Amino acid sequence: MEILRSPLDMTAWSAKTRALGKTICLVPTMGYFHEGHLSLMRKAGELASEVVVSLFVNPMQFGANEDLDSYPSAFERDADMAEKNGAAVLFSPLADDVYPAGFQTRVEVGGLTDCLCGASRPGHFTGVTTVVAKLFHMVNPHFAIFGEKDFQQLAVIRKMVVDLNFNVEIVGYPIVREDDGLAMSSRNSYLDINERQQALCLSKSLYMAQEMVAQGERNAGKVRDEVILFLSGYKDARVDYVSIVDSDTLAASSDINEKTLLALAVRIGRTRLIDNGFLVGRDLS
Ligand code: AMP
């Protein structure tokens, strides 16, 4: 596996690889890999002949009071894991090379970014779409794969790709969970033992909501109220949002059908966690 730092080297590698008739799948990440990231890498290897994993903790997508400075990292371990999971390149550019002095351009998707995490993290998705657009230009992949864990991010990137005519096929990948249901996240490393237990309130809420729907409930407001009541029983949990939305538009739903998604963000102590799942016909476990 090659480790590339320079965007120019990355673009040259991509041009050379394409000239050989090979295909490229990009796996964008912020590092501190867990099984979720590794599953994406292995799936990328099924989609294309060459896998490029980008590792960049993107300052533009963090708010002023967020965890940019404490975001976990383990570069050597990550490089080893990426190589073992089939990456041909680990592309880890420096912030100064991604955003050189004088950088002034932003890529912003409207509409889809107004709700959910977009409402509670102003500017976050502009940071995401700006860096992903840049990564697409640097890496020039045929495919890019993103986790459904960040469901809104996936929807926003799909929209950017259509609206701006990027020639990249976007692939979504299901949420990878710990055995007890907690969605894997690099931020889970912030949790102490007690918080780790409390963090189960997210996946348990999803299971509870899915069970209500399986029993015949179709009123989204009632399901949402029950989830909020359930979460209020966890003393360290502070709800950021609990939303029942249409998975295409991310607009709030009043009824529940195959496209209805429950999405939630909850703070456990100082750690903000997100989770989501379809309420009908999809196994959350
Ligand atoms: P991150 O490093 O947290 O920015 O995540 C990099 C990619 O991995 C994104 O596309 C995430 O949606 C995806 N990802 C993170 N956690 C999971 C998970 N538990 N299951 C599946 N994909 C994930």
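Start at 1 and go down the list; that is how both ligands and their atoms are numbered. Please read these numbers as outputs of a predicted model, since none were measured by experiment. Hydrogens, waters and symmetry mates are skipped; everything else that's a heavy atom, side chains included, is used.
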Handout entry: Distance-only N or O hit between ligand 1 and Phe146, under 3.5 Å
Key = no

Fill in the blank from the handout: Atoms of ligand 1 under 4.0 Å from any heavy atom of Asp150, numbered from 1 in the order shown, are 11 (C), 12 (O)

Completion exercise
In this structure, atom 23 (C) of ligand 1 is nearest to the protein heavy atom Lys149 CB, 4.0 Å

Problem - Polar atom proximity, Thr29 to ligand 1 (N or O, under 3.5 Å) - result: no

Practice task
For Ser39 and ligand 1, answer yes if some heavy atom of the residue is under 4.0 Å from a ligand atom, otherwise no.
Solution key: no

Problem - Enumerated ligand 1 atoms positioned under 4.0 Å from heavy atoms of Leu40 - result: 7 (C), 8 (O), 10 (O), 13 (C), 22 (N)

Exercise for the section: Decide whether an N or O pair under 3.5 Å exists between Gly36 and ligand 1. Expected result: no

Problem - Ring-face cation of Arg5 near Phe75 (centre distance under 6.0 Å, axis angle within 45°) - result: yes

Exercise for the section: Could you say whether the N/O atoms of Ile175 and ligand 1 ever approach to under 3.5 Å? Expected result: no

Practice task
Among residues two or more places apart or on two chains, list those pairs meeting salt bridge (charged side-chain N to carboxylate O under 4.0 Å, His left out) that have a residue in residues 35-58.
Solution key: Lys22-Glu50, Glu35-Arg42, Lys43-Glu46

Exercise for the section: Scan side-chain atoms only and decide if Tyr71 and Asn58 contain a donor-acceptor pair under the 3.5 Å cut-off. Expected result: no

Fill in the blank from the handout: Atoms of ligand 1 under 4.0 Å from any heavy atom of Pro174, numbered from 1 in the order shown, are 20 (N), 21 (C)

Problem - Close-contact set for ligand 1 against Gly147 heavy atoms, below 4.0 Å - result: 9 (C), 10 (O), 11 (C), 12 (O), 13 (C), 22 (N)

Practice task
Please state whether the rings of Phe151 and Phe278 are parallel, tilted or perpendicular, taking 30° and 60° as the class boundaries.
Solution key: perpendicular

Fill in the blank from the handout: Note: ligand 1 atoms sitting under 4.0 Å from heavy atoms of Val176 are 18 (C), 19 (N), 20 (N), 21 (C)

Exercise for the section: Could you establish whether His34 and ligand 1 come within less than 4.0 Å of each other, counting only heavy atoms on the residue side? Expected result: yes

Exercise for the section: Check whether the ring centres of Phe166 and His137 lie less than 6.0 Å apart, and answer yes or no. Expected result: yes

Practice task
Using only heavy-atom distances, determine whether the side chains of Ser14 and Asn140 contain a donor-acceptor pair under 3.5 Å.
Solution key: no

Exercise for the section: Please indicate whether any nitrogen or oxygen in Met184 is less than 3.5 Å from any nitrogen or oxygen in ligand 1. Expected result: yes

Exercise for the section: Indicate yes or no for a side-chain donor-acceptor contact from Ser54 to the backbone of Phe91 under 3.5 Å, with no hydrogens or angles considered. Expected result: no

Handout entry: Nearest neighbour in protein (non-hydrogen) for atom 1 (P) of ligand 1
Key = His37 NE2, 3.6 Å

Handout entry: Heavy-atom neighbours of Gln197 CD exceed 12 at 6.0 Å
Key = no

Practice task
List the closest protein heavy-atom neighbour of atom 4 (O) of ligand 1: residue, atom name, distance to the nearest 0.1 Å.
Solution key: Met30 CG, 3.6 Å

Handout entry: Heavy-atom donor-acceptor pair, Glu66 side chain to Leu68 backbone, under 3.5 Å
Key = no

Exercise for the section: Just jot down the ligand 1 atoms closer than 4.0 angstrom to any heavy atom of Pro28, in number order. Expected result: 6 (C), 7 (C)

Practice task
Name all residues meeting the salt bridge (charged side-chain N to carboxylate O under 4.0 Å, His left out) criterion together with Lys159; count only those two or more places apart in sequence or in a different chain, and write none if there are none.
Solution key: Asp163

